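Everything numeric in this text was worked out from a predicted model, so none of it was measured. Residues: numbered from 1 along the sequence shown. Note: hydrogens, waters and symmetry copies are ignored here, and every other heavy atom, side chains too, is used.
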Amino acid sequence: MASFDQKLRTLRLMEILLERTDDTHILNASELCTILEQEYGISTDRRTIYTEMEILDKFGLDIQQKKGKNPGYYIGARDFELPE
């Protein structure tokens, strides 16, 4: 069952990033952990989020990471933008 939960976590994380992030709406690892826990009942830690970001990047999502004062992640290029 753990494998299923891991896959579901990855998919939910992808969904959150696609629906809620862009270059002006960035979510950090702690915020992503909170969303996963509160909205989906999926408990995780920040280190796991970092690994998940690598997986999603290898999958082909344009995962962007902002470093510095307000670090976080967002989806860069998309196949279609919302207005389209």
Among all residues two or more places apart in sequence or in another chain, which pass the side chain to side chain contact (heavy atoms under 4.5 Å, CB included) test with Q38? T34
Value for OG1 (T48) from CD1 (I42), rounded to nearest 0.5 Å, stands at 12.0 Å
Just list the side-chain donor-acceptor pairs under 3.5 Å for residues 58-71, sequence neighbours left out, or say none.
unit_1, atom_1, unit_2, atom_2, d
D62, OD1, Q64, NE2, 2.6
D62, OD2, A77, N, 2.6

Between atom CG of L13 and atom SG of C33, what is the distance when rounded to the nearest 0.5 Å? 9.0 Å
Sequence-distant partners of Y50, side chain to side chain donor-acceptor pair (under 3.5 Å), two or more places apart: none
If I compare all heavy atoms of L32 with all of Y73, which pair ends up nearest, and what's the gap? CD1-CD1, 4.3 Å
Please tell me whether M14 and M53 are part of a single hydrophobic cluster in this structure, the criterion being side-chain heavy atoms less than 4.5 Å apart. yes
Got a second to check how far T21's OG1 is from L27's CG, nearest 0.5 Å? 6.5 Å
Less than 4.5 Å apart, side chain to side chain, heavy atoms only: is that true for I16 and L36? yes
Which residues pass the salt bridge (Lys or Arg N to Asp or Glu O under 4.0 Å) test with E31, sequence neighbours left out? none
Could you list the cluster mates of I55? Members are the ILVMFWY residues connected by side-chain heavy atoms closer than 4.5 Å, either directly or through other members. none
Listed once per pair and sorted, the salt bridge (charged side-chain N to carboxylate O under 4.0 Å, His left out) pairs that draw on residues 44-55, sequence neighbours left out: R9-E52, D45-R47
Hydrophobic clusters here meaning ILVMFWY residues chained together by side-chain heavy-atom distances under 4.5 Å, can you tell me if Y74 and I49 are in one? no
Side chain proximity check, R12 to I35, heavy atoms < 4.5 angstrom: no
As a quick check of understanding, evaluate side-chain contact (heavy atoms from CB on, under 4.5 Å) for L56 and T10, giving each step before the final call. CA-CA 8 Å; L56 291 171; T10 305; 3.8 Å; yes
OG1 of T44 to CD of Q6, rounded to nearest 0.5 Å, is 9.5 Å
